[in-house]
Amino acid sequence: MAAPPAQYAQWSAPAPQADGPHDEVRTIFVLGFPLDVKERELQNLLRWWPGYEASQMNFKGDQPMGFALFSTAAMAMAARDALQNLVFDADTNSVLRAEMAKKNLYVKRGVAGEITTGFDASKRMRTGGNDYSPAPYPAPYGAPYPNQVVPAAAPSWGPQGYVAPAPQYEQYAGYAVSQPVPIAPTGYAPVQNTKDNPPCNTLFIGNLGEAVNETELRGLFSSQPGFRQMKVVRQGKNTVCFIEFVDVNTAVTVHSNLQGAVLSTSDRGGMRIQYPTFMSSGLFLNIPF
DNA sequence: AGCACA
């Protein structure tokens, strides 16, 4: 069993099944990409999915084949289901088909056990020190936009049958959940937000300070009307945050009102608020860990 | 249905 990515470290790893296979397949096999797909596109599609570890595009066949490794089989299956029937490119009519792979993706590891090849989670932030810039894919519950990725069929967790999952990660966190003290921004600074995605009920918060903490973020966001839950993802010097609202309208309001908000810990200007990519919404799905 | 990298 591989260690889960650092951002899930506060969650208890699943206990190895005494009677289960220790070499369980936790890799997905994805077809249906357009011929000009880039390996990076697969990485960007999956990078925030819970348990994502590494991925690879293989171009040797007649059609591009994507492989992605996750920390557990359950996480892989959840990603597989989320990718199923996804319209990757409306122009080329590419609809993704995903299955569990026959074998796990091979990842070369260094002495310290870190992944050294492939497009892996440990290198998420390697692009010039910038933090995450979402690919132009819409997030889950948003209206379909032309030329963008939308689920061909409404996902089972979509608007119709969607029931808010309990904020399950809190039970794993190593701190007591107490009533957040409301926090107001210390000010506002202009922020560039050139590449955003279509509005949806989830927000991605970037350009936060290195010293930002969850209490501060919770103090700012949990008092916003429509707030449902949030998840802070730490990756070294970079911290990002995903916030789910009860509907698109309340998310749009916060996207506008708190754009460029400066916190006491901000050291690079105001926070950048964006609508996240389709797959990043997986942070709020009910995935068994 | 089509499963590669080592």
Side-chain angles (χ1 to χ4, degrees), chain A residues 1-8 13-14 16-17 20-127 135 137 148-156 235 277-280 282 285 287-288:
Chain A
M1 177 62 65
Q7 70 268 33
Y8 303 117
Q17 292 272 311
H22 280 241
D23 53 346
E24 64 174 9
V25 173
R26 47 192 178 90
T27 298
I28 59 170
F29 170 61
V30 190
L31 284 175
F33 294 102
L35 295 169
D36 63 350
V37 69
K38 296 289 178 291
E39 186 152 57
R40 181 179 297 165
E41 293 186 89
L42 180 61
Q43 183 205 17
N44 284 336
L45 186 63
L46 299 172
R47 73 192 275 179
W48 296 113
W49 192 266
Y52 170 78
E53 292 195 356
S55 61
Q56 187 173 96
M57 288 291 315
N58 190 280
F59 297 95
K60 292 211 174 119
D62 49 326
Q63 52 182 339
M65 290 176 291
F67 296 87
L69 176 73
F70 296 84
S71 302
T72 67
M75 288 161 154
M77 287 186 280
R80 169 254 265 150
D81 294 344
L83 286 179
Q84 200 64 263
N85 296 322
L86 190 87
V87 178
F88 186 81
D89 184 341
D91 291 342
T92 57
N93 260 321
S94 28
V95 178
L96 301 187
R97 314 248 72 217
E99 299 169 15
M100 293 305 288
K102 289 175 177 159
K103 298 179 62 183
N104 276 324
L105 172 67
Y106 187 89
V107 280
K108 207 170 176 180
R109 281 167 200 279
V111 230
E114 80 281 9
I115 297 171
T116 58
T117 64
F119 286 72
D120 62 86
S122 66
K123 293 191 180 65
R124 276 171 179 163
M125 293 306 177
R126 70 186 161 178
T127 48
Y137 307 124
Q148 302 210 330
V149 176
V150 293
S156 59
Q235 287 173 347
T277 61
F278 175 77
M279 288 297 284
S280 57
L285 297 185
I287 296 168

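First the proteins, then the strands, lettered A, B, ... as listed; each starts at 1. Treat the numbers as computed from the prediction; the structure is a model and nothing was measured.
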How many Å lie between CG on A:Asp62 and C1' on B:dA4, as a whole number?
14 Å
Base B:dA6 paired with A:Lys103 side chain (donor-acceptor, <3.5 Å):
yes
For the residue pair A:Tyr52 and A:Phe70, categorise the inter-ring angle as parallel (less than 30°), tilted (30 to 60°) or perpendicular (more than 60°).
perpendicular
Less than 3.5 Å apart, any donor N or O on the side chain of A:Asn104 or A:Thr27 sitting next to an acceptor on the other?
yes
Please report the distance, rounded to the nearest Å, between CD in A:Gln56 and C1' in B:dC3.
12 Å
A:Leu69 CG - B:dA4 P separation (whole Å):
16 Å
Nearest whole Å is fine: how far is B:dA4 P from A:Glu39 CD?
16 Å
With a 4.0 Å limit, can you tell me whether A:Lys102 has a side-chain N or O closer than that to the phosphate oxygens OP1/OP2 of B:dA4?
no
From CD1 of A:Ile28 over to P of B:dG2, roughly how many Å is that when rounded to an integer?
18 Å
Whole-Å distance separating the CG atom of A:Leu31 from the P atom of B:dA4
11 Å
May I ask you to decide if A:Ala68's main-chain N or O and A:Ser55's side chain share a donor-acceptor pair within less than 3.5 Å?
no
Nearest to side-chain heavy atoms of A:Tyr106, which nucleotide of B:dA6, B:dG2, B:dA4
B:dA6
Starting from C1' on B:dA4, measure out to CG on A:Leu105 and report it in whole angstrom.
9 Å
note: A:Asp23, atom CG; B:dA6, atom P; distance rounded to Å ~ 21 Å
Sugar-phosphate only, base, or nothing, as touched by A:Met100 at under 4.0 Å among non-hydrogen atoms:
base
A:Arg80 side chain to A:Ala98 main-chain N or O, any donor-acceptor pair under 3.5 Å?
no
Against the side chain of A:Gln63, the closest entry in B:dC3, B:dG2, B:dC5 is B:dG2
